[in-house]
Each structure stands twice: as structure tokens, then as C-alpha cells.
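Only heavy atoms go into these numbers, but all of them, side chains included; no hydrogens, no water, no symmetry mates.
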Amino acid sequence: MDKAFDRLLVRGGNTLRGVVRMEGAKNAALPVLAACLLADGESRILGVPELDDVGTMCSVLRRLGGAVSRTAADEVVVRFDGIRTSEAPQDLVRKMRASVLVMGPLLARTGLARACLPGGCAIGARPIDLHLKGFALMGAAVTCDRGFVEVSAPRLKGTRIYLDYPSVGATENLMMAASLAEGFTCIDNAAEEPEVVDLANFLCCMGARVTGAGTKMIRIEGCDSLRPTTYSIIPDRIEAGTFMTAAAIAGGDVLVQNVVVEHVKPIIAKLLDAGCEVSEDPEGSIRVVGPDRPRATDVRTLPYPGFPTDMQPQMMALLSVAGGVSMVTETVFENRFMHVDEFKRMGANIHVDGRTAVVRGVDHLTGAVVRATDLRAGAALLIAGLRSHGTTEILGVQHLDRGYSDFAGKMRSIGAEVVRAREAATEAFLESAATRRLDL
Ligand code: UD1
């Protein structure tokens, strides 16, 4: 059945309590899976979450000639014996922007990579010019024609690449390509995200020589070949941040397990500003106790280690019910405020001026029918619904499946009243609400 008809129903007012465990990071799993193209043989990747985006990347690899199977709940095995084609499948690239991460490995292994210009969440233009500029500096010929881009080079040559912006995807694509290039590559102004470091660690396990990942300068000494390996993906810091923020808005007391505390420091800082109690266990869990009412605080998204853009909508949900006025500034993407209109349907008082949203906290939100415009916006609407009077109905739930595994189930496990439903089930939920005389 088409998931586009699914919806989530959230009844607000419950306090969240309990323990919830995070998955491996989607944004680390995707480049690591793409990097499997760099070597023939079988790689075992552990901690791979069961998400639609991961499924899309697995399909991309299959179309390129890989044998890919999920051998356990969190384990994916990828096997390559040569590469069938250097063309990234158009339908899948349009569906998921991260599919372009196969370009670096394809180019390095086969001397050619071809793809259409990518799709993905509707949060801005998101070009790939920085990826292409880097390939060109490594000696590749780049041609763009009628929505397709082709890069080719018999053998890439190591060089110095300065990224105008520390793009996560460009850093990853270039790091993968440089691993099989001739000589040294230096990526300056590289992205420092933990997912970049995870990919570098994976490449090193494959035999690549990468140093400096996690700093602005990454150095790669190219190798003639790499080998398959077994690797475990880092926990998902954005999933963790989402549950931490849910605990915060719902005045809850939640222990979020399987977190690298260092990776969520910018999120913890904002939750403390908002009046939460946060305690860290270096073993990998974080307890968040939410205040009766959050306090206003300003948020500015930035590349890591700044506050992550992928947490901006969820944080805005929290601030929309805070005491006071908050300024939320989005510097990473130029069009990432589409959730604001949806929050407004729930009674939020938010005014957008360019890249800044002025959020005047209201006493409470009110349940409404809203639409998830992208993955994180969907999570944010659910979080807002936790503190709304009545029921919030979220459409566009298929976006959530791209990046959260069993989101509704995990929320229920800590006390949220959330159901996922198609039309018929929706009516049953509304009826049951009516018999309990709830204000819908
Ligand atoms: C990755 C994450 C995404 C996150 C983003 C920023 C994955 C699969 N996705 O996306 O969840 O929101 O990092 O943390 O890891 N840009 C250019 N030219 C380029 C490349 C990027 O102008 O060639 C711009 C983009 O339009 C955007 C900004 O740079 O405004 C950041 O993009 P980038 O860091 O590349 O994000 P992604 O790798 O696409």
C-alpha cells in the first residue's frame, strides 16, 4: 500500500518517561555503504538502521552490480565482484540526494561516473558544484548536459582542494575518490561532522590512508586498491537529539541510550539553556528531564560542531511553547523554514524574516491537521503534538520513514500517545477519543 496515505495521530498531554535506544546513524551508514564500491569482495556493516534511505542506497548498489542483503536486524552485507555500470540510477538519485555519494567511488574505480542532478528533501537548491569542483581539481573532465552530469578520468591525481563551504557530502565524496587516487590529496575547509570521521575510519579499515578527519584539513594518501572489511556505524546523533527534545517539551524524564555524548554537545547546550536537566553517562546514555515550561533561547545552525540544521525544526517546536522570545537562524540551508506554516496551524506565533525566525512562545499549541514537508519537519510536528491540546494529525509520514526507524513505536514506548494509521484506523482512533470525551 502507498505510504503516502499514512498519517500519524498524536494526542498531547502525556509526560514521557522511560528508556529508549538509538539506532546507528543514517548519515554515516549512507556514505559507508557507498564506499563499499571501492573494493571487490564482501563487507559487513553493523549498526545499519532499517530506514527507507538505507533501502534506497542498497538498491543503488544493487543496480551498480553489488549483492546486498540484510543479514540481521542491524547488519548489512555488501559484495562486489566488479562494477556493472558507472551510471547512478536516475530514479533513485532523484529520490535521494545522498545517492550522489556513489560518484566518487565510481569515478575512482571505473574512471567514469554519470548521474542526474539529485533530489531529496525540499530544503533548498542543494547543488553539487563543490563535489564536481573537487573532482575537476583531481584531473577529472566534468560535463553537464540536460540535467545529467558526467565525470571521467583514467586515474585521479591527488591535489590540494579548498572547499568554499565545508559541505558534508562533498568532503565524503572527495575523500572516497582520493583514497584510490595517485598521490596525496589535501581537503582544506573540510566538513568536521562525526559522520565524516566515521567514513574516514571505515576507509582506513579498508586499507586507505586518511588522516585529519574531524578537523578542517583532511589528508589522504591514495592507494592502488582497497579491501573489504567489517565495520560498525556510530549512533545517530540526530535521532538522539530528537528524543531528547521530545523529553524536554513533554516535561518528561527520559534516558536515551546508545549516544556518543560528544556528538550531541551542541544539542545539550541548548536544552540546558531551555531549562532542562541533562545528565550524561560516559558509557553512552543521556538523561533529559524537561522543565514545566521551557525557556526561550536563541539558536543558530552551523556546520559541526555548531548546532545541527537537522535539529532546527525539532528545537523550534520546543521554543514555540517556551516562555519568551527566541530567534532561530538557519545558516546552512536557504529554505529550511517550511515547517513554520505547519506550526502556525497549531497556534504557534512565529515570524520569518529571511534566514531568521522570531519565535514568540505561546502557552500551548492546539492539535491540527498538518503536513510533514520533510524528514525532520515531520519529527518536529510530532514533538509539537506532544504538548498540544487535543489531537494532531500529521500527513506526509513517508518522509519520517526515510530517517527514523519505528518512530511512533519508540515514542509510544516512553509514554507518548501516537498511532500510525490509514483512513479506517484513523476513524477508529477518533471514535475512541470521542468516547473518552477528549477535545479534538
Ligand atoms: C548532509 C546530511 C544532511 C544535513 C547536511 C548538513 C547526509 C546524507 N545528509 O547533507 O542531513 O542536513 O549534511 O549538515 O549526510 N552545497 C553547495 N554545493 C555543494 C554541496 C553543498 O552549495 O556542492 C550547500 C548546500 O546547498 C547546503 C550546504 O552546502 O546549503 C550544506 O550542504 P552539505 O553539507 O553538502 O549537506 P549534504 O551533504 O547534502
Side-chain angles (χ1 to χ4, degrees), residues 30-43 45 57 60-61 63-66 68 78-89 93 98-115 118 128-143 148-161 163 167-187 190-191 195-196 198-213 218-229 231:
L30 297 177
V32 162
L33 287 168
C36 290
L37 276 159
L38 289 166
D40 273 348
E42 191 169 282
S43 284
I45 319 295
M57 182 57 86
V60 171
L61 297 184
R63 299 249 208 115
L64 297 174
V68 186
V78 181
R79 181 176 184 89
F80 274 96
D81 294 297
I83 291 173
R84 186 189 302 149
T85 162
S86 293
E87 174 150 353
V93 177
S99 311
V100 296
L101 291 171
V102 299
M103 288 188 81
L106 281 177
L107 174 61
R109 279 249 6 236
T110 70
L112 176 71
R114 199 174 132 82
I128 56 165
D129 56 314
L130 297 172
H131 306 228
L132 300 179
K133 192 175 154 194
F135 294 145
L137 285 169
M138 296 171 84
V142 179
T143 51
F148 279 83
V149 51
E150 193 173 290
V151 284
S152 60
R155 175 101 197 253
L156 294 169
K157 291 201 170 41
T159 185
R160 192 179 184 98
I161 300 167
L163 292 178
S167 154
V168 174
T171 303
E172 293 169 342
N173 233 339
L174 297 172
M175 220 163 58
M176 290 187 278
S179 296
L180 286 180
E182 190 186 320
F184 276 95
T185 300
C186 214
I187 308 175
E195 295 76 15
V196 171
D198 210 33
L199 174 64
N201 289 338
F202 177 67
L203 292 171
C204 290
C205 288
M206 296 180 90
R209 293 188 275 265
V210 183
T211 56
I218 301 179
R219 289 187 178 79
I220 306 117
E221 185 187 350
C223 299
D224 289 338
S225 65
L226 298 174
R227 54 176 182 271
T229 189
Y231 191 75

- Could you list the residues that satisfy side-chain hydrogen bond (donor to acceptor under 3.5 Å, both in side chains) with Glu87, not counting sequence neighbours? Arg114

- Yes or no on side-chain contact (heavy atoms from CB on, under 4.5 Å) for Val142 and Val149, after CA distance, side-chain angles and deciding distance? CA-CA 7 Å; Val142 179; Val149 51; 4.2 Å; yes

- Task: Indicate the atoms forming the closest heavy-atom contact of Ala140 with Leu156, along with that distance.
- Result: CB-CD2, 4.1 Å

- Item | Euclidean distance, Leu226 CG relative to Leu180 CG, rounded to 0.5 Å | 4.5 Å

- Full working for side-chain contact (heavy atoms from CB on, under 4.5 Å) between Ile187 and Arg160: CA-CA 6 Å; Ile187 308 175; Arg160 192 179 184 98; over 6 Å; no

- Item | Residues which pass ring-ring contact (aromatic ring centres under 6.0 Å, His included) with Phe80, listed by chain and number, not counting sequence neighbours | none

- Message: Could you work out, with side chain to side chain contact (heavy atoms under 4.5 Å, CB included) as the rule, every residue matching Pro105, not counting sequence neighbours?
- Response: Leu37, Leu38, Asn173, Met176

- Query: Can you name the side chain to side chain contact (heavy atoms under 4.5 Å, CB included) partners of Ala113, sequence neighbours left out?
  - Reply: Met103, Leu106, Leu107, Val151

- In chain order, what residues pass the side chain to side chain contact (heavy atoms under 4.5 Å, CB included) check against Leu137, with sequence neighbours excluded? Thr159, Ile161

- Query: Rounded to the nearest 0.5 Å, what separation is found between the CG atom of Leu199 and the CG atom of Leu30?
  - Reply: 11.0 Å

- Item | Student check: side-chain heavy atoms of Leu203 and Met175 closer than 4.5 Å | yes

- Item | Leu130 versus Ser167, closest heavy-atom pair with distance | CD1-CB, 3.8 Å

- Looking only at heavy atoms, which two atoms of Pro89 and Leu64 are closest? And how far apart? CD-CD2, 4.5 Å

- Message: Can a donor-acceptor pair be found, under 3.5 Å and without considering hydrogens, that links the side chain of Tyr231 to the backbone of Asp198?
- Response: yes

- Query: Does anything in residues 101-111 pair up under salt bridge (Lys or Arg N to Asp or Glu O under 4.0 Å), and if so which pairs, sequence neighbours excluded?
  - Reply: Asp40-Arg109

- Message: Within the 4.5 Å heavy-atom criterion, are Val60 and Val93 side-chain neighbours or not?
- Response: no

- Message: Quick check: closest heavy atoms across Gly207 and Cys223, and the distance to 0.1 Å?
- Response: O-SG, 3.5 Å

- What's the spacing between Glu150 CD and Thr143 OG1 if we round to 0.5 Å? 4.5 Å

- Note on the structure: Shortest non-hydrogen pair, Val196 vs Ala191, comes out as CG1-O, 3.8 Å

- Return the set of residues passing ring-ring contact (aromatic ring centres under 6.0 Å, His included) with Phe135 (not counting sequence neighbours), or none when no residue passes. none

- Item | For Thr110, all residues meeting side-chain hydrogen bond (donor to acceptor under 3.5 Å, both in side chains), sequence neighbours excluded | Ser86

- Query: Under the salt bridge (Lys or Arg N to Asp or Glu O under 4.0 Å) test, which residues partner Asp129, sequence neighbours left out?
  - Reply: none

- Task: Name all residues meeting the salt bridge (Lys or Arg N to Asp or Glu O under 4.0 Å) criterion together with Arg227; count only those two or more places apart in sequence or in a different chain, and write none if there are none.
- Result: none

- Item | Separation of Phe202 CZ from Cys204 SG (nearest 0.5 Å) | 11.0 Å

- Note on the structure: Nearest heavy-atom contact between Ile218 and Gly212 is CG1-O, 3.8 Å

- Less than 4.5 Å apart, any side-chain heavy atom of Thr185 and any of Leu174? no

- Note on the structure: The side-chain hydrogen bond (donor to acceptor under 3.5 Å, both in side chains) partners of Arg209 (sequence neighbours excluded) come to Glu221

- Value for NZ (Lys157) from CE (Met138), rounded to nearest 0.5 Å, stands at 10.5 Å

- Note on the structure: Across all chains, not counting sequence neighbours, the side-chain hydrogen bond (donor to acceptor under 3.5 Å, both in side chains) partners of Arg63 are Asp91

- Over 12 non-hydrogen atoms of neighbours within 6.0 angstrom of CZ in Arg155: yes

